[in-house]
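Per chain, numbering begins at 1; letters A, B, ... match sequence-line order.
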Number of protein chains: 2
Amino acid sequence: MGRTAQIDRSAILRTALDVADEHGLAAVTMNAVAKRLEVTAMALYRHVTDKADLLDGMVEALLTGIPTPEPGLAWNDRLTAMAGGIRAVATAHPGAFPLLLTRPAATSAALEIRESAYRALREAGLGQDAVERAERLLSTAILGFVASEAAGRFRNHGQATIDEDFAELLRWLQRVLPDPPTG
Amino acid sequence: MGRTAQIDRSAILRTALDVADEHGLAAVTMNAVAKRLEVTAMALYRHVTDKADLLDGMVEALLTGIPTPEPGLAWNDRLTAMAGGIRAVATAHPGAFPLLLTRPAATSAALEIRESAYRALREAGLGQDAVERAERLLSTAILGFVASEAAGRFRNHGQATIDEDFAELLRWLQRVLPDPPTG
DNA sequence: ACCTGAACACCGTTCAAGT
DNA sequence: ACCTGAACACCGTTCAAGT
């Protein structure tokens, strides 16, 4: 009895993200991930329950990469910072990012991000129902754009054009919210 | 020589959409589609070049289901009608719909839809660059919402709430465009 | 012309066995 | 405790063979 572990869950998740980013989500197989870790596919089952659990773990790892905004900022700047953080994660993990749109996350990382957005929108003066609705619409608009970018739907356009598109989207979204604090 | 065909490409695509909607995209295998058609998987290769071609064909079939808006309508009503048409296709094909976000389509059906949007936005008075940017942002916002809905990201909310969310999104998007014609 | 059987390399997953 | 080998049912795909 007793044998020092060669791999752990977080190493598996990091490796799976690498595989997705280099060769696409379809290339994320138990075999491919295991091979990178110099282990057989069966060894993974000690650390993830099955492939669905692997993919859910990748989602959680992506969400953990979105930084919590500086609490000192005004609410509208906090929302903008979160949008930028989401886009930065998509840029760092373009292959894995589409998982966020297909695997609804109810994990703690997802809840924390949503709560940050709720706090900002409450400070904007919205009532509770409006806060929740605005969060759903803002998050889908931003996820939709960023996932489209990651999936290459804009690949015919230059980076400068895409950057300006994103800035324009943020301006659009600001315009449907109450006037921000002047500071 | 000569043997009457049992299947054709459009039957394969329809069957693949059915499988996706009933059991999810992951269930769309050559074997599963073939079995529904009472044929072996190898028979499909006479009508689709490979599985990627099958998935691209599904995208094209989904796009063909989006109706061209009535030319008599004002430009803002045409855009609203297109958004509704996209959502209707997602409702009819929730399992297959996420393909639209991951497989950028440059086929004729995709181009026709984009051209419809361009025409409406030009009538709104936007210059060519603004037209193209607005089309990218409108389409990603709408696709993002509708794909999220199809993927079940809102499944904790009632249908009435989701319907109202969609209406609110369309109002947001109207607000960033020039004032529509009064009629 | 259209479909099938056999074959290949590859999936996810299980379970008993090795250390 | 952790990993592997062998096994199973299932992938996508090719190619020669049947009608």
Side-chain angles (χ1 to χ4, degrees), chain A residues 1-62 95-96 98-99 102-103 151, chain B residues 1-62 95-96 98-99 102-105 151:
Chain A
M1 55 127 201
R3 177 173 173 175
T4 47
Q6 301 177 41
I7 56 175
D8 62 8
R9 185 176 167 95
S10 81
I12 291 173
L13 298 180
R14 262 183 286 116
T15 306
L17 290 177
D18 289 345
V19 173
D21 293 331
E22 288 174 35
H23 301 108
L25 267 179
V28 178
T29 67
M30 303 299 273
N31 281 310
V33 173
K35 192 166 204 175
R36 281 224 184 187
L37 292 162
E38 297 186 308
V39 108
T40 66
M42 299 78 87
L44 303 183
Y45 286 86
R46 205 134 296 263
H47 308 280
V48 298
T49 63
D50 55 16
K51 192 177 176 187
D53 185 43
L54 206 197
L55 296 175
D56 287 337
M58 292 169 71
V59 167
E60 189 74 358
L62 289 174
L99 281 175
T102 53
R103 302 187 85 80
Chain B
M1 58 138 200
R3 177 174 171 174
T4 47
Q6 301 175 42
I7 57 177
D8 61 9
R9 187 177 166 92
S10 81
I12 291 173
L13 298 181
R14 263 182 286 116
T15 305
L17 290 177
D18 288 345
V19 172
D21 292 331
E22 287 173 35
H23 301 108
L25 266 179
V28 178
T29 67
M30 303 298 273
N31 281 308
V33 172
K35 192 166 203 175
R36 281 225 184 186
L37 292 163
E38 298 185 307
V39 109
T40 66
M42 297 80 84
L44 303 183
Y45 286 86
R46 203 127 301 258
H47 308 279
V48 297
T49 63
D50 54 17
K51 192 178 176 187
D53 184 44
L54 207 195
L55 295 175
D56 287 338
M58 291 169 71
V59 167
E60 189 74 357
L62 288 174
L99 281 175
T102 53
R103 302 187 84 80

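Distance CE/Met30(A) to CE/Met42(A): 11.0 Å, rounded to 0.5 Å. Met58(B) CE to Leu54(B) CG: the interatomic distance, rounded to the nearest 0.5 Å, is 7.0 Å.
We find that CG of Asp8(A) is positioned 17 Å from P of dA1(D), with the value rounded to whole Å. What separates CD of Gln6(B) from P of dT19(D) is a distance of 15 Å, to the nearest Å. Between the NZ atom of Lys51(B) and the C1' atom of dT14(D) there is a distance of 18 Å, rounded to whole Å. Between the CG atom of Leu54(B) and the C1' atom of dC11(D) there is a distance of 14 Å, rounded to whole Å. When rounded to the nearest whole Å, the span between CG of Leu37(B) and C1' of dT4(C) equals 15 Å. Between Glu38(A) atom CD and dT4(D) atom C1' there is a gap of 15 Å when expressed in whole angstrom units.
Residue pairs meeting the side chain to side chain donor-acceptor pair (under 3.5 Å) criterion with at least one partner in residues 41-51 of chain B, sequence neighbours excluded, are absent.
For the residue pair Leu25(A) and Pro98(A), the shortest heavy atom distance occurs at CD1-CB, 4.5 Å.
With sequence neighbours left out, the side chain to side chain contact (heavy atoms under 4.5 Å, CB included) criterion links Ala32(B) to Thr29(B). Partners of Ala34(B) by side chain to side chain contact (heavy atoms under 4.5 Å, CB included), not counting sequence neighbours, listed by chain and number: Val39(B), Ala41(B), Leu44(B). Every residue meeting the salt bridge (Lys or Arg N to Asp or Glu O under 4.0 Å) condition with Arg36(B), not counting sequence neighbours, appears here in chain and number order: Glu22(B). When the salt bridge (Lys or Arg N to Asp or Glu O under 4.0 Å) test is applied to Asp21(B), no partner is found at least two apart in sequence or on another chain. When the side-chain hydrogen bond (donor to acceptor under 3.5 Å, both in side chains) test is applied to Glu38(A), no partner is found at least two apart in sequence or on another chain. Annotation: side chain to side chain contact (heavy atoms under 4.5 Å, CB included) contacts of Ala27(B) (sequence neighbours excluded): Val19(B), His23(B). Asp53(B) meets the side-chain hydrogen bond (donor to acceptor under 3.5 Å, both in side chains) test with Arg9(B); sequence neighbours excluded.
Near DNA chain D, meaning a heavy atom under 4.0 Å from it, residues 17-34 of chain A has no residue at all. Of the residues in residues 40-50 of chain A, those lying under 4.0 Å from DNA chain C by heavy-atom distance are Met42(A), Tyr45(A), Asp50(A).
The residue among Ala52(A) and Val39(B) whose nearest nucleotide of DNA chain C is located toward the 5' end is Val39(B).
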For DNA chain D, the dot-bracket notation using Watson-Crick and G-U wobble pairs below 3.5 Å, [ ] for pseudoknot-type crossings and | for other-strand pairs, is ||.|||||...|||||.||

